[in-house]
Every structure is written in structure tokens, then in C-alpha cells.
Amino acid sequence: MIEPLYGPRDASGVWVHLEHEDNGLDTVSKEILGRARLLADERGQEVTAVLMGSGAGQLAAEAVSFGADAVLVADDPLLAPYTTAPHSKVIAGLVAERKPDILLLAATPNGRDLAGRLAVRLRTGLTADCTDLRINQSTGLLVGEVTGFGQGILATIECPEHRPQMATVRPGVFPRPEPDPSRAGKIEKMTVHLSETDRPVRVLRRSLKRGVDITQAERLVVAGRGVSGDLALVKRLARLLKAEIGGTRVAADAGWVSHERMVGQTGSVTHPKLAVVCGVSGAFQFTVGIQDAGTVIAINSDKDAPIFDVADFCIVDDVFQILPRLIEALEKQKDGRSE
């Protein structure tokens with residue numbers, strides 16, 4: 001076993017690495033701050049946010065409003081935009097110096113990249129792509145839940161001896177807390193020692209695609225294998241419900257919906273008030289993506305489909321027979337007519 005950089009006796013506090021864009025914290029960072037606040041309160045510890053970039057200090061007050069007790073600001077031109085080497089050097093140095101007990105990052109492209117590098121540098125474990133985080137009441141350890149492994153397994157992972165206990169968290173897993181502008185917190189500007197040699201990779205051009213974020217949708221209409229690539233009715237229903245369209249992995253891989261609209265273990269975990277699930281069998285890898293929906297209406301011709309085990313309303317019939325009737329009823333309701 002690799003010797004830890006430091007152990008449980010030396011560790012204290014819950015840290016959150018913050019991601020930001022366009023002069024605001026990313027939604028997933030706010031979600032993680034909210035969860036970190038609960039974990040820290042349970043252990044009687046503080047939440048420390050790590051904010052890195054160029055001119056990032058202006059976001060420190062926002063971090064405090066979402067639950068941070070302290071914000072460590074590393075402000076340097078070499079930290080913008082994100083590249084692996086300088087960011088990992090700065091945060092690894094802070095962790096080695098201050099020894100947090102828990103370090104949480106977002107399971108985004110940048111967060112996953114940074115977390116893997118940090119785990120190696122800090123000689124600790126990493127629980128990746130968590131769908132839940134809690135404290136083991138018997139041991140006081142952080143428990144990270146990871147779904148899937150392709151066979152519907154739910155793994156619970158702990159890191160008993162090495163510190164920090166690290167985890168990356170999927171966007172949309174936790175609810176976003178309401179900001180409290182009256183909260184007070186300590187904002188500390190860190191001294192950064194970076195040179196051009198610490199940034200071996202340079203970003204010459206950035207191209208950001210602004211797509212839909214189905215994790216924030218209040219209503220979803222989800223297409224599965226059963227729609228056979230014909231989304232005309234799904235789109236009409238979505239328009240009537242003012243809903244976003246989602247899809248299973250089959251639908252995304254076939255190109256029926258974009259991958260940013262994929263719901264499930266390897267897609268997005270959503271929290272809609274209403275989810276209408278069309279032609280979806282409902283394997284565990286998918287249902288984890290809608291398990292927190294307020295109401296689930298499932299349409300499937302197979303009466304034994306697993307989706308019916310998690311649905312609130314179950315319709316056993318051909319999706320192409322049911323959707324036209326549902327659309328007709330909604331259109332009549334919209335027009336103020338009755339049957």
C-alpha cells in the first residue's frame with residue numbers, strides 16, 4: 001500500500017474545488033457546496049472553497065453565499081483558462097499545507113482531469129462520478145456511492161486511511177441550495193508561485209458550445225428504443241408540455257437525440273417535476289437518471305418492463321397508439337375545448 005501523505009489524525013475540514021465561467025460559479029459547484037455544507041455540519045467542521053483563475057476573486061462572495069465558511073483565492077494569469085499542470089500544482093500545494101479531510105470536485109471534463117492528477121500527487125484514493133455522498137455514522141468516513149459498472153451495481157466506497165478523502169460528483173445529483181447573501185465568510189488571497197514552465201500546455205483557442213441542460217428541466221419527455229427513431233410525436237408532446245426532450249443511451253448512440261440530452265448513469269441525473277418516458281425498458285442504468293422525478297409516466301408495450309417498477313403511472317400499450325391520444329387531449333385542453 002502506498003504511504004499516505006497524511007492521515008486521519010492530521011485532517012480536518014471539507015474542501016470544494018469550484019468551477020466557474022462567464023463571471024459566475026457553475027451550477028454543479030453550487031450543488032456540491034450545498035452538499036458539502038451538510039457533510040461539514042454533520043461532522044462539526046468548516047467548508048472551504050478553492051477558487052482558481054484570473055480575476056476569480058470576484059466570485060468569492062458568491063461561494064460564501066452558497067455555504068462556504070472560507071474561500072481560498074488563487075488569482076494568477078497562468079491559471080486561466082484551465083490547464084492541468086498549473087491548477088494541480090497550486091491546489092496540491094494547498095492541500096499538502098492545510099490537510100483537509102475531504103476534497104470534492106465536479107465530475108466534469110476539467111474536474112475529472114484535475115481529480116485524477118491530484119489523487120496521484122497526494123497519494124490518496126478517488127471515488128469518481130458519485131451519485132450520492134454521506135457520512136458513515138459508525139466510522140465517520142465519507143461514503144461515496146457509484147452506480148453501474150454496466151450491470152446495475154451500486155457500490156459504496158470509503159477511504160479509511162489516506163487523506164484527503166476525494167470524490168468527484170455528477171452534475172445534477174444534488175439540489176442547488178438557495179444563496180444566502182447575509183452569510184459571512186473568510187476570503188483569503190493565496191500567494192501563487194507559477195512560471196511559464198509550470199504551464200507546458202497552452203490554450204490557443206476556445207470554442208464553447210452552449211447546449212441544453214436537462215438537469216434543470218422541470219418537465220422531460222424521454223425517448224427510448226421503442227420509438228424506433230421516430231421522434232415526431234415525442235417532440236409534439238414536449239412542445240405541449242413545455243418540456244425538454246431526453247433520451248436513453250440507445251437513443252443517443254443512434255443519433256436520435258444529442259448526447260447532452262442522454263438521461264441515466266452515463267448521461268444526466270435529472271430532477272423534473274414530471275417525466276413522460278416513452279418506449280424505455282427501464283434498466284437500472286437509466287432509472288438512476290429519473291429516480292428523483294416528482295411524477296413518472298411510463299408508456300411501454302411490455303407489461304414486464306422494469307420501468308413500471310419506478311413509474312407512478314403505467315400505460316401498457318404501443319407508444320404510437322398512446323401519444324396521439326395524449327397529444328389530442330392536451331391540444332383540446334389548451335384550446336379550451338372538452339371531449
Side-chain angles (χ1 to χ4, degrees), residues 4-20 25-53 56-75 87 90-106 111 114-115 118-119 122 124-127 130 132-144 158-169 173-192:
L5 198 65
Y6 60 95
R9 293 183 180 180
D10 302 316
S12 180
V14 180
W15 281 26
V16 179
H17 169 261
L18 301 179
E19 297 191 22
H20 52 93
L25 297 178
D26 285 0
T27 299
V28 65
S29 291
K30 298 173 186 177
E31 295 166 353
I32 298 173
L33 276 173
R35 191 59 167 192
R37 180 72 271 157
L38 296 177
L39 297 174
D41 288 345
E42 199 170 338
R43 305 197 63 182
Q45 297 182 350
E46 290 192 344
V47 174
T48 298
V50 182
L51 190 56
M52 297 190 288
Q58 62 182 320
L59 303 178
E62 185 180 8
V64 171
S65 74
F66 278 100
D69 297 302
V71 183
L72 306 182
V73 180
D75 194 330
H87 277 250
V90 170
I91 194 170
L94 292 173
V95 169
E97 176 187 347
R98 305 203 177 195
K99 299 179 174 57
D101 190 23
I102 294 170
L103 174 58
L104 306 177
L105 304 92
L114 180 61
L118 286 175
L122 299 172
T124 190
L126 170 62
T127 305
C130 291
D132 194 15
L133 295 172
R134 66 179 187 274
I135 300 297
N136 184 323
Q137 296 302 313
S138 300
T139 64
L141 294 172
L142 177 70
V143 180
E158 297 179 353
C159 186
E161 301 297 334
H162 292 62
R163 293 295 182 273
Q165 301 171 86
M166 285 183 59
T168 58
V169 180
V173 167
F174 300 125
R176 181 176 60 182
E178 290 297 322
D180 180 3
S182 67
R183 287 193 82 253
K186 181 181 179 181
I187 299 173
E188 187 176 353
K189 187 171 182 178
M190 311 308 299
T191 301
V192 178

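On a predicted model such as this, the values are computed, not experimentally measured, just so you know.
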S.K.: Quick one: pull up CZ in R37 and CZ in F174 and give me the separation to the nearest 0.5 Å.
M.R.: 15.0 Å
S.K.: Indicate yes or no for a side-chain donor-acceptor contact from R134 to the backbone of V143 under 3.5 Å, with no hydrogens or angles considered.
M.R.: no
S.K.: Do T127 and C159 come within less than 4.5 Å of each other through their side chains, counting heavy atoms only?
M.R.: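 SC-SC contact between T127 and C159 ruled out.
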S.K.: Got L94 and V50 here, is their nearest side-chain heavy-atom distance under 4.5 Å?
M.R.: yes
S.K.: Can you check whether S29 reaches L18 side chain to side chain, under 4.5 Å on heavy atoms?
M.R.: yes
S.K.: Are the side chains of P8 and R163 in touch, meaning some heavy atoms are under 4.5 Å apart?
M.R.: yes
S.K.: Would the distance check show the side chain of R183 and the main-chain N or O of A68 forming a donor-acceptor pair, the cut-off being under 3.5 Å?
M.R.: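 Flag set: sc R183 to bb A68 pair under 3.5 Å.
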S.K.: What's the separation between atom OG in S65 and atom CG in L25, rounded to the nearest 0.5 Å?
M.R.: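 CG of L25 is found 7.5 Å from OG of S65.
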S.K.: Would you name the heavy atoms of D69 and E46 that are closest together and state the gap between them?
M.R.: OD2-CA, 3.3 Å
S.K.: Show, in sequence, the C-alpha distance, side-chain angles and deciding distance for L104 and H17, and conclude whether the side-chain contact (heavy atoms from CB on, under 4.5 Å) test is met.
M.R.: CA-CA 6 Å; L104 306 177; H17 169 261; over 6 Å; no
S.K.: Between D26 and K30, does any side-chain N to carboxylate O distance fall below 4.0 Å?
M.R.: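 Between K30 and D26 there is no salt bridge, as every charged N stays at least 4.0 Å from the carboxylate O atoms.
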S.K.: If you look at every heavy atom in M52 and V90, which pair is closest and at what distance?
M.R.: SD-CG1, 3.7 Å
S.K.: Using a distance-only test with no angle check, is there a side-chain donor-acceptor pair under 3.5 angstrom linking E42 and Q137?
M.R.: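 Checked: E42/Q137 side chains pair up, N/O donor to acceptor below 3.5 Å.
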S.K.: Using 4.0 Å as the upper bound for N to carboxylate O, is an ion pair formed by R98 and E188?
M.R.: yes
S.K.: What is the distance from atom CE of M166 to atom CG of L103, rounded to the nearest 0.5 Å?
M.R.: 5.0 Å
S.K.: With rounding to the nearest 0.5 Å, note down the distance linking CD in E62 to CG in L33.
M.R.: 9.5 Å
S.K.: Side-chain contact test, heavy atoms from C-beta onward, threshold under 4.5 Å: evaluate it for D180 versus V64 and give yes or no.
M.R.: no
S.K.: Is it true that K189 and D75 make a salt bridge, defined as a side-chain N closer than 4.0 Å to a carboxylate O?
M.R.: no
S.K.: Taking side chain as C-beta onward, heavy atoms only, is L105 less than 4.5 Å from L118?
M.R.: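 L105 reaches L118 side chain to side chain.
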S.K.: Short question: side chain of Q165, backbone of L141 - any donor-acceptor pair under 3.5 Å?
M.R.: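 No, because the side chain of Q165 does not come within donor-acceptor range (under 3.5 Å) of the backbone of L141.
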S.K.: If I compare all heavy atoms of A106 with all of V28, which pair ends up nearest, and what's the gap?
M.R.: CB-CG1, 3.7 Å
S.K.: Of all heavy-atom pairs between R35 and L133, which one has the smallest distance, and what is that distance?
M.R.: NH2-O, 2.7 Å
S.K.: For A60 and V73, work out which heavy atoms get closest and say how close.
M.R.: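 Heavy-atom minimum between the residues: CB-CG2, 4.2 Å.
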S.K.: Might you work through the side-chain contact (heavy atoms from CB on, under 4.5 Å) test for V14 and T48, ending with a clear yes or no?
M.R.: CA-CA 6 Å; V14 180; T48 298; over 6 Å; no
S.K.: Tell me whether T124 contacts the main-chain N or O of A119 through its side chain, where contact means a donor paired with an acceptor under 3.5 Å.
M.R.: no
S.K.: Side chains of D101 and W15: does their closest heavy-atom pair fall under 4.5 Å?
M.R.: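 Side-chain contact under 4.5 Å: no.
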S.K.: Taking the side chain from Y6 and the backbone from P100, do they hold a donor-acceptor pair closer than 3.5 Å?
M.R.: yes
S.K.: Sub-3.5 Å donor-acceptor pair from the side chain of R176 to the main-chain atoms of T27, do we have one?
M.R.: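 Between the backbone of T27 and the side chain of R176 there is no qualifying donor-acceptor contact (under 3.5 Å).
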S.K.: Does any non-hydrogen side-chain atom of L39 lie less than 4.5 Å from one of L142?
M.R.: yes
S.K.: Over all heavy atoms of both residues, which pair between L122 and L5 is shortest? Give the atoms and the distance, please.
M.R.: O-CB, 3.5 Å
